[in-house]
Visitor: 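So that we are looking at the same thing, I have put the structure below in structure tokens.
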Amino acid sequence: MRILQLHCDSIEYTPTKKEIKSAEEIENPQTQRLEEVVVAFVAIEDGDDSSVAQNAISQIKNSMEKIGCKKLLLYPYAHLSSNLAKPFVAIALLKEMEDGASDLEVSHSPFGWTKSYNLKVKGHPLAESSKVVTKDSTDSKDTELTSEALKGESKIRSYWKIMSPDGVMSNITDFDFSNYKKLEILAKYESAKVRHVDEPPPHVALMKKMAIADYEPASDSGNLRFFPNGRLIKSLIECYVTDRVKEYGGNEVETPIMYDSEHPSMVSYFNRFPARQYNIDSDGKKLFLRFAACFGQFLMANQFQLSHKNLPYRLYELTRYSFRREQSGELVGLRRLRAFTMPDCHAFCKDLEQAADEIKVRFDLSQSVLHELGIDKSDYEMAIRFTEDYYNENKSSIEELVKKHNKPVLVEMWTEKFFYFVLKWEFNFIDSTGKASALSTDQIDVENAERYGIEFVDENNTAQHPIILHNSPSGAIERIIYVLLEKAAKDIKEGRKPQYSLWLAPTQVRVIPLKEEFNDFCESLVDKISSNDIRVDIDDRNESIGKRIREAEKEWIRYILVIGDKEANSENLSIRDRKTGDVRELSFDDFLDEINKQTKDKPFTGLNLPKYLSKRPQLMV
RNA sequence: GCUUCGGUAGCUCAGUCUGGUAGAGCGUUACAUUGGUAAUGUAAAGGUCACGGGUUCAGAUCCCGUUCGAAGCUCCA
């Protein structure tokens, strides 16, 4: 950071025009005049951080004390350096310096504007000085860039409670958890931050063994690859969630995966929520990979002409991918990734009342989607967080959500609004190692409509900012697969057969010819079955019948048809049902019915592997 | 990101403490076998012991660094 400090009789400056896109918004670009003031021209350089800003402001304050001046103007002045920091960093640090001098009469001239100015510098020896403050010259115990938002977060004050379905709140220490063990884990996990695990989560081995997904060493950590089985499962889940959101009223859109971090909306957002994101330098443009679908949808909604009659209006996108550069130590299998697929549905509502109605609809949608994916209420615990003010004014609508869940929920009450939302709920899956992971979530956002300039015209023909809800009905798709695999691992551990929901099974029916001479018969049988939208394959390998059945079992294939003389000459099919382990006789049509009943209302896609096992490479053991 | 532990055949792992010819099972390939509801038999191929450096007559083994993974911490808009 470079500073030119001048003790002036007076300064007069006039903002004339914005120099960069991310220039600070100002109310009135009028001429400002200050008298008996220290003007600090400041250039914030690449690499400067919070510690540099603190150091700089304390040096300025020191010298001001010497000359006995109480008035400070921070004047962002790019021309002192050729190695400037990114604007959003600069704005944050400037703000931090201003806050650090709140005991003085302090102000700053607008950032990012061309200004004309006129100043009269005093004639005493200490009137002019320059300073260079760098990280090296600063005691750098805090090397991370700490913005106001991050510092604010550590200062957040909140109270943890448990709310029963009847709306009664109790302290965590008073609540009887004996019937709610998982809620107790969540409560301890969140509030006391108690975590101890000494084994890797079992889904990591399963995702490889079942040839679903694996780490890709040639990429960055947390960027997985999905094998044909995994792609098929993921694709079906993606389709299903999208279908359900569209049915609810979401309009699917597609937006870019990278954004300009110097775009004004981003600057303001980053200033509030500095992210760990992937950055890309492209021809001098500072791009970042999106970490949510919010930007794309908000920037799009900004262009829409909205009337109160259009609301609630719902936009939806399934991001493949969202990127978050999570700390390397936090990445695990399919639970926590750096690149993940996230359904994200925003509802623009005209006021808090409409938002409270809308959030109920989405709450039901989320529970229903999870249920159909194979995740029941008993598998997750609900947490709800809100500001004290929101609670006092909307008590009954909060209680209604808790009542819908019909189990006690973890409550976090914030004394102030720290984030952009006033309420947030989420469903947390607790795995066998006691780790909590959020699945579905919804938020009531009262800030971003203004930040992104989203407006609707109300009944009185006045422009207003809508309230925005942020719902992911399922949470990340990878995380859904993680939950399904963790549940399967639990089944294995407790002696039950793990299984896929039939609509998600990579192979639904396997046909095994007893001898080569039945291959033709099997071929036509398989064609007949697959023409009814069923994923069926043929194990034509030269292996014993026992071995081929065993391998089908290991792949969790629900139905096995062994074809020999008896079957080739029979009207009926002999079906080995893995669920029971028995062999049943069924007519072809009854068999189709049985399958269709289980896959009804679910998306279908064809077999994603070679039809013949003899043509299939082994991907994983 | 920090601390700790780990990386040996395609996979799962022994061997490392105590330095001296690279091991097993599964899988793969070939041949035989044509089966009746959870593993047919025989044989073969397959390894710069993660990468780079050091100590030593000699390093998978001991030491240092890097990288990837795991657990804990921190974090999760």
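In what follows, chains are A, B, ... by sequence order, proteins preceding strands, each numbered from 1. Atom set for the values below is all heavy atoms of this structure, side chains included, hydrogens, waters and symmetry mates excluded.
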Visitor: In whole angstrom, give me the gap between the P atoms of C2(B) and U66(B).
Guide: 10 Å

Visitor: In whole Å, measure the gap between the C1' atoms of A60(B) and U21(B) for me.
Guide: 14 Å

Visitor: Using Watson-Crick or G-U wobble geometry with both distances below 3.5 Å, tell me the partner of G46(B), or none.
Guide: none

Visitor: Closest approach of Asn471(A) and Ser366(A), non-hydrogen atoms and distance?
Guide: ND2-OG, 3.4 Å

Visitor: Distance between the P atoms of U29(B) and G46(B), in whole angstroms?
Guide: 16 Å

Visitor: Please report, rounded to the nearest Å, how far the P atom of G69(B) is from the CD atom of Glu216(A).
Guide: 11 Å

Visitor: Going by salt bridge (charged side-chain N to carboxylate O under 4.0 Å, His left out), name the residues that satisfy it together with Asp220(A), two or more places apart in sequence or in a different chain.
Guide: Arg338(A)

Visitor: Using Watson-Crick or G-U wobble geometry with both distances under 3.5 Å, which nucleotide pairs with G19(B)?
Guide: none

Visitor: Write down the distance separating the C1' atoms in A70(B) and A50(B), rounded off to the nearest Å.
Guide: 16 Å

Visitor: Need to verify one output field. Residue with the more 5' nearest nucleotide on RNA chain B, Glu330(A) or Arg325(A)?
Guide: Arg325(A)

Visitor: In whole Å, I'd like the distance from the NZ atom of Lys435(A) to the P atom of C76(B).
Guide: 13 Å

Visitor: Are there any protein N/O atoms within less than 3.5 Å of an N/O atom in nucleotides 5-9 of chain B, and if so, which ones and at what distance?
Guide:
none

Visitor: Tell which nucleotide pairs with U34(B), taking only Watson-Crick or G-U wobble pairs whose two distances are both under 3.5 angstrom.
Guide: none

Visitor: Should we say atom CD of Glu216(A) is surrounded by more than 12 heavy atoms from elsewhere, each under 6.0 Å from it?
Guide: yes

Visitor: Which base sits across from A24(B) as a Watson-Crick or G-U pair, both distances under 3.5 Å?
Guide: U12(B)

Visitor: Say we look at G47(B) and U28(B): how far apart would their C1' atoms be, to the nearest angstrom?
Guide: 15 Å

Visitor: Take the protein atom OH of Tyr215(A) and the nucleotide atom P of G69(B), then report the distance between them rounded to whole Å.
Guide: 8 Å

Visitor: Side chain of Gln618(A), heavy atoms from C-beta onward: which of G27(B), A70(B), G72(B) has the nearest atom to it?
Guide: G27(B)

Visitor: Test Tyr559(A) against every option in Glu594(A), Arg578(A), Arg576(A), Arg510(A) by the side-chain hydrogen bond (donor to acceptor under 3.5 Å, both in side chains) rule and name the one that passes.
Guide: Glu594(A)

Visitor: Measuring only the C1' atom in each nucleotide, how far is C76(B) from G1(B)? A whole number of Å is fine.
Guide: 14 Å

Visitor: Run the salt bridge (charged side-chain N to carboxylate O under 4.0 Å, His left out) test against Asp491(A) and tell me which residues pass, sequence neighbours left out.
Guide: Arg496(A)

Visitor: Sequence neighbours excluded, which residues qualify as salt bridge (charged side-chain N to carboxylate O under 4.0 Å, His left out) partners of Arg479(A)?
Guide: none

Visitor: From CE of Met210(A) over to P of U12(B), roughly how many Å is that when rounded to an integer?
Guide: 16 Å

Visitor: Applying the Watson-Crick and G-U wobble criteria at under 3.5 Å, what pairs with U56(B)? Answer none if nothing qualifies.
Guide: none

Visitor: Generate the contact string for nucleotides 34-49 of chain B. Rules: B means base contact, S means sugar-phosphate contact only, - means no protein heavy atom under 4.0 Å.
Guide: BBBBBBS---------

Visitor: Excluding sequence neighbours, so at least two apart, what forms salt bridge (charged side-chain N to carboxylate O under 4.0 Å, His left out) with Glu486(A)?
Guide: none

Visitor: Only pairs with both distances under 3.5 Å count, Watson-Crick or wobble alike; so what is the partner of U67(B) in this structure?
Guide: G7(B)

Visitor: Would you mind telling me which of C75(B), A71(B), G69(B) lies closest to the side-chain atoms of Ser221(A)?
Guide: G69(B)

Visitor: Look at the aromatic rings of Tyr452(A) and Phe298(A) and report parallel, tilted or perpendicular, splitting at 30° and 60°.
Guide: perpendicular

Visitor: Atom CZ of Arg616(A) to atom P of G27(B): distance rounded to whole Å?
Guide: 17 Å

Visitor: Atom CD of Glu555(A) to atom P of G27(B): distance rounded to whole Å?
Guide: 14 Å

Visitor: Using 4.0 Å as the upper bound for N to carboxylate O, is an ion pair formed by Asp537(A) and Lys611(A)?
Guide: no

Visitor: Given the P atoms of C62(B) and G20(B), what is the spacing between them in whole Å?
Guide: 11 Å

Visitor: Under a 4.0 Å threshold between the charged nitrogen and the carboxylate oxygen, would Lys424(A) count as salt-bridged to Asp442(A)?
Guide: no

Visitor: Would you kindly give the CG-to-P distance between Asp214(A) and U12(B), to the nearest whole Å?
Guide: 9 Å

Visitor: With rounding to whole Å, what would you report as the distance between G72(B) and A14(B) at their C1' atoms?
Guide: 28 Å

Visitor: Given 3.5 Å as the limit, does a donor-acceptor pair link the side chain of Glu317(A) with the main chain of Thr255(A), or not?
Guide: yes

Visitor: Take the protein atom CD1 of Ile444(A) and the nucleotide atom P of A77(B), then report the distance between them rounded to whole Å.
Guide: 17 Å

Visitor: What is the base-pairing partner of C2(B), counting Watson-Crick and G-U wobble geometry with both distances under 3.5 Å?
Guide: G72(B)

